[in-house]
Amino acid sequence: MSKVATRFAPSPTGALHIGGVRTALFNWLFSKNQKGTFHLRIEDTDKERSKDEHKIQIIKSLKWIGIEHDGEEYIQSQKIEDHIKIANELLQKGNAYKCYCSVEEIEEQKKRAKQKKIPYIYNRKWRDTDEKDAPKDIKPVIRFKSKIEGNSKLKDLVQGDIEIENNTIEDFIILRNDGTPTYNLSATVDDHQMGMTHIIRGDDHKINTFKQIQIYQAMSWIVPEFAHIPLIHTIEGKKLSKRDNASTLDDYSKIGIMPDALRNYLLRLGWSYQDKEIFTLDESIQHFNLEGIGKSPSKLDMSRILSMNEHYIKTIHDNDLYKNLVEYCSIYKEKIKSDKETKIKSSLYFLKNKAKTLEDIFNNAQYILDDEVKFNEDDLKLIDEKAKKIINEFNNQINKLENLDRNKLEPIINNLIKNYETNFKGVGQPLRIVLTGSKFGPGLYDIIISLGKDDVIQRLGKVLKQN
RNA sequence: GGUCCCUUCGUCUAUCGGUUAGGACAGCUGGUUUUCAUCCUGCAAAGGGGGGUUCGAUUCCCCCAGGGACCGCCA
């Protein structure tokens, strides 16, 4: 058995789709688990829609989630001559033929089939018609001579045995009338030349597989193993498409989902290993197998993505979390200023407690990030004369302190509660509002300590001056 | 319409003929708490329907129903 080689073959016609990411992930994991290689093929033969920027974006996205391909990326458009060569070879060997039907003629047949409610399949007119009778004004396409008799069986590594009647597969076009190859030909030739041993792809390709296998056989090439994975569905139960909201990687990264969390979520969507939910990258490579892939399509569930992300936020090391946060902010929010770095970093341990996403952490840290407090007007109204006295008193007390820590702050707060005959809320709420602009937020001691003495005094002073 | 695939809690899933059908997320209780959270208890929640096979079926087979994918000179 030769060394396992898998590939992911997106067309660079748009942002990378979340379903594509999962397909790439499964291919990558399988190859790594088998100590094989994983390759990236860019299927850019649709010149109209393919863009170089999309190719770059795809590679970047895969890297973001932890996937890197082995070797150079394989650019399909550079191999077109090879595909054409094979088409001609098939023609010479009698496995393909020229079809002189006009586009209009075919359209007409399709329309009629639809009216009669019978399945359309190309009528194989030119399969046996002599070329001498060919119309001069029509440039032919080349069609593959697909099997008519009998059945074909596919031993699918995920779906099991699939059997299909050969006559339901038409003589598909392998070369257009402008001389360019079509998908089924190109993909097959490429997969062969790239030495792919396992083709793992969405099960929307199942029928293509029956076509492609015939090309392998006609060329006497080794047929690779196939694994068709169920598609990801929307909540409504339909195939996820680029037009759906929240279907691209960027949709998730922009709200502050971390790559590891999304990778873990995608791994468990349609694949399982006993009851294990959390997989590090290494663990996922170690445990991944095709047997664990389910047969039924699975729905994308945002609440699970969020809770997975929350889990990673709470459990990864603060240094790693900070790295993720810095990257996130610099791309989607604002760069964290260097003078705030230490404060944010040392506050992560409580900022993350109320966060499901990096965006939540960013929002929770807003009061540290902003030099000026942005007040919520309604909350500001809660600061009455008594509150101002408390604030003033607190201000005086901490002015005397060298540095702020919980042991020193606690007696001060407790005394204020006693002296002003109130409860914690009576003291805590006004202080919280003055320091952060909102009555919601982290614990009071956390706020005070995270800001530091200078900032606290400056913020208290500002409100006290407003008399 | 044709071909193919799928069907366990709302969602992702475990079970490879014998289980009180397990876990996770979401939901709902209760508790801790300094607001908001976190955290910890607990609760509720599932084998589409009908036939077989078997001592015994969620598990194996068949039929039906429902859902999905494909049916391009796109990839």
Side-chain angles (χ1 to χ4, degrees), chain A residues 9-13 43-46 48-50 76 99 101-103 106-107 110 113-121 139-143 154 156 158-160 162-165 167-170 172-184 186-187 202-208 210 228 230-231 233 235 237-239 265 268-278 291-292 294-308 310-311 314 350 352-356 360 364 379 413 423-425 427-429 431-433 436 438-447:
Chain A
S11 44
T13 54
E43 303 206 329
D44 58 342
T45 51
D46 185 338
E48 296 283 301
R49 297 190 298 147
S50 295
Q76 188 165 62
C99 163
C101 289
S102 66
V103 175
I106 301 286
E107 285 303 316
K110 278 187 194 170
K114 207 168 183 181
Q115 275 169 1
K116 286 195 203 158
K117 291 204 182 233
I118 54 169
Y120 166 75
I121 183 166
K139 276 206 241 161
V141 298
I142 295 182
R143 287 182 184 270
L154 168 65
D156 192 282
V158 167
Q159 314 237 350
I162 305 168
E163 209 169 347
I164 193 170
E165 285 183 43
N167 63 20
T168 61
I169 293 172
E170 71 169 354
F172 54 98
I173 294 169
I174 54 177
L175 216 60
R176 301 184 185 96
N177 66 3
D178 64 357
T180 57
T182 61
Y183 168 76
N184 278 306
S186 296
D203 70 11
D204 48 344
H205 280 287
K206 241 184 293 180
I207 300 299
N208 287 330
F210 283 98
H228 290 95
L231 300 173
H233 280 181
I235 286 297
K238 300 269 189 256
K239 175 183 173 180
Y265 171 77
R268 282 287 288 99
L269 187 67
W271 178 83
S272 61
Y273 181 77
Q274 296 159 4
D275 275 344
K276 194 169 165 62
E277 298 282 350
I278 305 300
E291 296 78 55
K295 289 182 170 191
S296 51
S298 35
K299 292 179 186 150
L300 215 51
D301 181 359
M302 195 57 199
S303 70
R304 266 178 87 84
I305 297 177
L306 287 171
S307 82
M308 184 65 81
E310 184 181 13
H311 178 269
K314 300 236 164 81
F350 69 85
K352 71 182 177 187
N353 270 341
K354 21 193 330 154
K356 281 184 173 3
D360 290 342
N364 294 342
D379 290 345
I413 298 290
N423 54 16
F424 189 92
K425 193 180 171 188
V427 174
Q429 193 171 68
L431 284 174
R432 177 179 284 116
I433 292 170
T436 71
S438 164
K439 65 179 172 179
F440 303 120
L444 184 62
Y445 296 113
D446 287 332
I447 293 173

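Source: prediction; values computed, not measured. Quick note on labels: first sequence line is chain A, next is B, and so on, each numbered from 1.
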Pair partner, B:rU19 [Watson-Crick or wobble, under 3.5 Å]: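 Base partner found: none.
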
Nearest heavy atom decides the nucleotide; on that basis, is A:I235 or A:A355 closer to the 5' end of RNA chain B?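 Looking at the nearest nucleotide for each, A:I235 comes out on the 5' side.
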
Mapping A:Y273 and A:G441 to their closest nucleotides on RNA chain B, which lands nearer the 5' end?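 Checking each residue's closest nucleotide, the 5'-ward one belongs to A:Y273.
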
Would you mind classifying the nucleic acid contact of [X] as base, sugar-phosphate or nothing, using non-hydrogen atoms under 4.0 angstrom?
X: A:Y445; value: base
X: A:G270; value: sugar-phosphate
X: A:E165; value: nothing
X: A:Q159; value: sugar-phosphate

With [atom1] as the reference atom in both, quote the distance from [N] to [M] in angstrom, rounded to an integer.
N: B:rU54; M: B:rG49; atom1: P; result: 23 Å
N: B:rU8; M: B:rG23; atom1: C1'; result: 13 Å
N: B:rA44; M: B:rU29; atom1: C1'; result: 10 Å
N: B:rA69; M: B:rG30; atom1: C1'; result: 47 Å
N: B:rA46; M: B:rC61; atom1: P; result: 26 Å
N: B:rC6; M: B:rG48; atom1: C1'; result: 13 Å
N: B:rG2; M: B:rC43; atom1: P; result: 50 Å
N: B:rG42; M: B:rU32; atom1: C1'; result: 15 Å

Go through the structure and list residues passing salt bridge (charged side-chain N to carboxylate O under 4.0 Å, His left out) with [X], not counting sequence neighbours.
X: A:K295; answer: none
X: A:K299; answer: none
X: A:K425; answer: none
X: A:E170; answer: none

Considering only heavy atoms from C-beta outward, does the side chain of [X] approach that of [Y] to under 4.5 Å?
X: A:N364; Y: A:F350; result: no
X: A:L154; Y: A:I164; result: no
X: A:E277; Y: A:H311; result: no

Using a cut-off of strictly less than 4.0 Å, decide whether A:K295 has a side-chain nitrogen or oxygen near OP1 or OP2 of B:rC6.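 Checking B:rC6 against A:K295, a side-chain N or O does come within under 4.0 Å of OP1 or OP2.
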
Any side-chain donor-acceptor pair under 3.5 Å between A:R432 and A:T436?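 Side-chain D/A pair, A:R432 to A:T436: absent.
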
Indicate whether any N or O donor in one side chain lies under 3.5 Å from an N or O acceptor in the other, for A:D178 and A:T180.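 Indeed, the side chains of A:D178 and A:T180 share at least one donor-acceptor pair under 3.5 Å.
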
Tabulate atom names and distances for all N/O pairs under 3.5 angstrom spanning the protein and nucleotides 68-75 of chain B.
from: B:rG68; atom 1: OP1; to: A:K238; atom 2: NZ; distance (Å): 2.1
from: B:rG68; atom 1: O2'; to: A:H233; atom 2: NE2; distance (Å): 3.2
from: B:rA69; atom 1: OP1; to: A:K239; atom 2: N; distance (Å): 3.0
from: B:rC70; atom 1: OP1; to: A:K239; atom 2: NZ; distance (Å): 2.5
from: B:rC73; atom 1: O3'; to: A:R176; atom 2: NE; distance (Å): 3.2
from: B:rC73; atom 1: O2; to: A:N177; atom 2: N; distance (Å): 3.3
from: B:rC73; atom 1: O2; to: A:N177; atom 2: OD1; distance (Å): 3.3
from: B:rC73; atom 1: N3; to: A:N177; atom 2: ND2; distance (Å): 3.4
from: B:rC74; atom 1: OP2; to: A:R176; atom 2: NE; distance (Å): 2.2
from: B:rC74; atom 1: OP2; to: A:R176; atom 2: NH2; distance (Å): 3.4
from: B:rC74; atom 1: O5'; to: A:R176; atom 2: NH2; distance (Å): 3.4
from: B:rC74; atom 1: O3'; to: A:R176; atom 2: NH2; distance (Å): 3.3
from: B:rC74; atom 1: O2'; to: A:D46; atom 2: OD2; distance (Å): 3.2
from: B:rA75; atom 1: OP1; to: A:T45; atom 2: OG1; distance (Å): 3.4
from: B:rA75; atom 1: OP1; to: A:R176; atom 2: NH2; distance (Å): 2.6
from: B:rA75; atom 1: OP2; to: A:R176; atom 2: NH2; distance (Å): 2.8
from: B:rA75; atom 1: OP2; to: A:Y183; atom 2: N; distance (Å): 3.2
from: B:rA75; atom 1: O3'; to: A:E43; atom 2: OE1; distance (Å): 3.1
from: B:rA75; atom 1: O2'; to: A:S11; atom 2: OG; distance (Å): 3.3
from: B:rA75; atom 1: N6; to: A:N208; atom 2: ND2; distance (Å): 3.3

Which whole-number value in Å describes the distance from [X] [atom1] to [N] [atom2]?
X: A:I413; N: B:rU35; atom1: CD1; atom2: P; answer: 15 Å
X: A:K352; N: B:rC39; atom1: NZ; atom2: C1'; answer: 14 Å
X: A:N423; N: B:rU33; atom1: CG; atom2: C1'; answer: 14 Å
X: A:K299; N: B:rG67; atom1: NZ; atom2: P; answer: 12 Å
X: A:H311; N: B:rA37; atom1: NE2; atom2: C1'; answer: 18 Å
X: A:D446; N: B:rU35; atom1: CG; atom2: P; answer: 14 Å
X: A:M302; N: B:rG10; atom1: CE; atom2: C1'; answer: 18 Å
X: A:I118; N: B:rG2; atom1: CD1; atom2: C1'; answer: 10 Å

With respect to the side chain of A:P119, which nucleotide from B:rU38, B:rG1, B:rU13 is positioned closest?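 That would be B:rG1.
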
Can you sort out the partners of [X] under side chain to side chain contact (heavy atoms under 4.5 Å, CB included), two or more places apart, ordered by chain and number?
X: A:K439; answer: A:D379, A:L382, A:Q429, A:I433
X: A:T13; answer: A:S11, A:R49, A:S50, A:K242
X: A:F424; answer: A:I413, A:I417, A:L444, A:Y445
X: A:I106; answer: A:C101, A:K110, A:Y120, A:Y122, A:R143

What about A:R268, does its side chain sit under 3.5 Å from the base of B:rU13 through a donor-acceptor pair?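 Not at all, since no donor on one side and acceptor on the other fall under 3.5 Å apart.
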
hbond_proxy A:Q274 side chain to B:rG23 base (donor-acceptor, 3.5 Å cutoff):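 Not at all, since no donor on one side and acceptor on the other fall under 3.5 Å apart.
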
Quick one: what's the B/S/- string for nucleotides 25-31 of chain B, heavy-atom cutoff under 4.0 Å, read 5' to 3'? SS-----

Pick out the pairs of N or O atoms, protein on one side and nucleotides 57-63 of chain B on the other, that lie under 3.5 Å.
none

Looking at residues at least two apart in the chain, or sitting in another chain, which of them share a ring-ring contact (aromatic ring centres under 6.0 Å, His included) with A:F172?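 Partners of A:F172 by the ring-ring contact (aromatic ring centres under 6.0 Å, His included) criterion, ordered by chain and then number, come out as A:F144.
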
